[in-house]
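In each ligand, atom 1 is the first atom listed, and ligand 1 is the first ligand listed. Every value quoted in this text rests on a predicted model; they were computed, and no experiment measured them.
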Amino acid sequence: MNEKTAELTARPSWKALQSHRDEHRGVHLRDLFANDAHRGDRLACEAAGLYVDYSKQRVMDETLRLLRTLAAECGLRERIDAMFRGDRINTSERRPVLHVALRAPAGSSLTLDGKNVVPQVQAVLARMEEFTRRVRSGAWTGHTGKRIRTVVNVGIGGSDLGPVMAYEALRWYSDRTLAFRFVSNVDGTDFVEATRDLDAAETLFVISSKTFTTLETMTNAQSARAWCVAGLGDTAVAKHFVAVSTNAEGVARFGIDTANMFGFWDWVGGRYSMDSAIGLSTMLAIGPDHFRAMLRGFHEMDEHFRTAPFERNLPVLMGLLGVWNVNFLGARTVAVLPYDQYLKRFPAYLQQLTMESNGKHVTLDGSAVDYQTGPVYWGEPGTNGQHSFYQLIHQGTQVIPCDFIAFRRPLNALGRHHDLLMANVFAQTEALAFGKTAEQVKSEGTPEWLVPHRVFAGNRPTTTILADQLTPATLGALVALYEHSVFTQGAIWGVDSFDQWGVELGKALAQRIIGELEGPPGAPLAHDSSTNALIGRYRASS
Ligand code: F6P
């Protein structure tokens, strides 16, 4: 039983925020806008090409001031400095957290244990670039001399979601003569469907796994090798498999020449790795120059996060607004709503980033939290969501803060499409904030009995992130914005945002059950009665 309890809710600023919330409970966004003609411009901020309008969040100047005081009391400044200094801030794994070094410009310096890590990052990037150029130019051929036409990334979690999200997001910039597939699920269907129409002679597998031990990835990698060998013979593996990992021994044991391995380091968390060598498939798709542009976008946001005062520090603001919504307004989920089809996998990517980072029940020193930590993130691209779950966001009984993400200029200009898309973004945030009163509904001649159904309470918090166009640099800045807002929230909640012990128990139990499913049919089972019965039924059917 955990004896210690976290101190957060006893902090003066926490109590001040509670009183402030209680005092202003009846204040509606309609009032806040009516009392301040400039609110829409004032509560907005811009950095690294992202304009963030948070004026439709349920905050007053005093709320923001108190949130900044909370950040100060929780040592956010010190935490940021500690991360950039290479301190071992991932305490439960005793690791530093230095994904910011992955996008530090060549020639700059970030030291870890007295050693500048930027040169080794740049060296891997240079190898990735060289390999990418060879594949894209056709200089790297498959075993039979044919050009590579399809790249299959095999990975899961951060070794899949970052690559697939970035590929989809930047598909407009990609080389259309190359096709990309992503295999993650241990369900054989994923592998079979991804490869069923491929020619092994033209296929390159990128086996992406930080640890090179993950069950799903290793199983898919073995199937990929069997598929390749069946088509081309044993000696083909060298030209059809490359690896991305921190585990050179594991890569060699699998049979991939470490000359064809692209490394990274234990100070890069899986969910923070899309800009490391894990981004090899991204670089193959969009080319080295666009990849470098993406890194510049990341870095610009890193520098903004590191140096901007908290009043206009986007990740800090977004992080603190998240804390306000979760801990003071009672939000349990956040909807991420990109109004750009290319960002269709962005909500899934953010789910791992946010929920694996801040879904924690104890603080860094093991004290139990007595407050909510990370909310559930979910979402779909607009406008599709509008015709599905927006009903609940507008008229349901829970507060669901929403992040709207949109771009001024489309990548695919087509008739009126972009104006229609953007009109919907602006309309949704306006409707959610201001709603529609009973008086307004009645004044439209609505029959009395129908009025309650057509009322919109409004006062539903949203943030709008508006950028000029979806470019590699914008994507980098956007991902870094969320990475650092997750960090900010973790610093307030006092949790380790960089470990993931919560995934271990299920993994360990599955290992034991695998033995039971594949072992002698009648072997006794010693689980609970439900698990025993389920395993029994499965064994009976196989
Ligand atoms: O099980 C969770 C996790 O460890 C994630 O944090 C990680 O992104 C994923 O598995 C994949 O791990 P790896 O890259 O080592 O295969």
Arg225 to Phe241, cation-pi by 6.0 Å centre distance and 45° axis angle:
no
For ligand 1 and Lys210, I'd like to know whether there is a polar contact (N/O to N/O, distance under 3.5 Å).
yes
May I ask you to identify, for Val503, whether its side chain, its backbone, both or neither come under 4.0 Å of ligand 1 on a heavy-atom basis?
side chain
Is ligand 1 less than 4.0 angstrom away from at least one heavy atom of Glu216?
no
Should you measure from each heavy atom of Lys507, which atoms of ligand 1 turn up under 4.0 Å away?
1 (O)
Any idea how Phe262 and Phe131 line up, ring-wise: parallel (<30°), tilted (30 to 60°), or perpendicular (>60°)?
tilted
To check your reading of the model: name the closest protein heavy atom to atom 8 (O) of ligand 1, its residue, and the distance in Å.
Gly158 N, 2.7 Å
Nitrogen or oxygen of Thr217 less than 3.5 angstrom from that of ligand 1:
no
Output yes when Glu249 and Arg253 qualify as a salt bridge under the 4.0 Å nitrogen-oxygen rule, no when they do not.
yes
If you have a sec, work out which protein heavy atom is nearest atom 15 (O) of ligand 1 and how many Å separate them, to one decimal?
Thr211 OG1, 2.6 Å
Give the atom numbers and elements of ligand 1 that come within less than 4.0 Å of a heavy atom of Gly157.
8 (O)
So which protein heavy atom does atom 3 (C) of ligand 1 come closest to, and at what separation?
Glu356 OE2, 4.2 Å
With Lys239 as the cation and Trp140 as the aromatic partner, state whether NZ or CZ is under 6.0 Å from the six-membered ring centre and within 45° of the axis.
yes
Within a reach of under 6.0 Å around CZ of Arg512, are more than 12 heavy atoms found that belong to other residues, nucleotides or ligands?
yes
Under 30°, 30 to 60°, or over 60°: which ring-plane class applies to Tyr272 and His99, parallel, tilted or perpendicular?
parallel
Name the residue from Arg296, Glu303, Met301 that meets the side-chain contact (heavy atoms from CB on, under 4.5 Å) definition with His299.
Glu303
Quick check on contacts: which atoms of ligand 1 are under 4.0 angstrom from a heavy atom of Thr214?
12 (O), 13 (P), 15 (O), 16 (O)
Quick test: of every protein heavy atom, which one is nearest to atom 11 (C) of ligand 1, and how far off is it to 0.1 Å?
Ile156 O, 3.2 Å
Which one of Trp378, Tyr482, Tyr167, Tyr339 satisfies the ring pair (Phe, Tyr, Trp, His ring centres under 6.0 Å) criterion with Phe346?
Tyr482
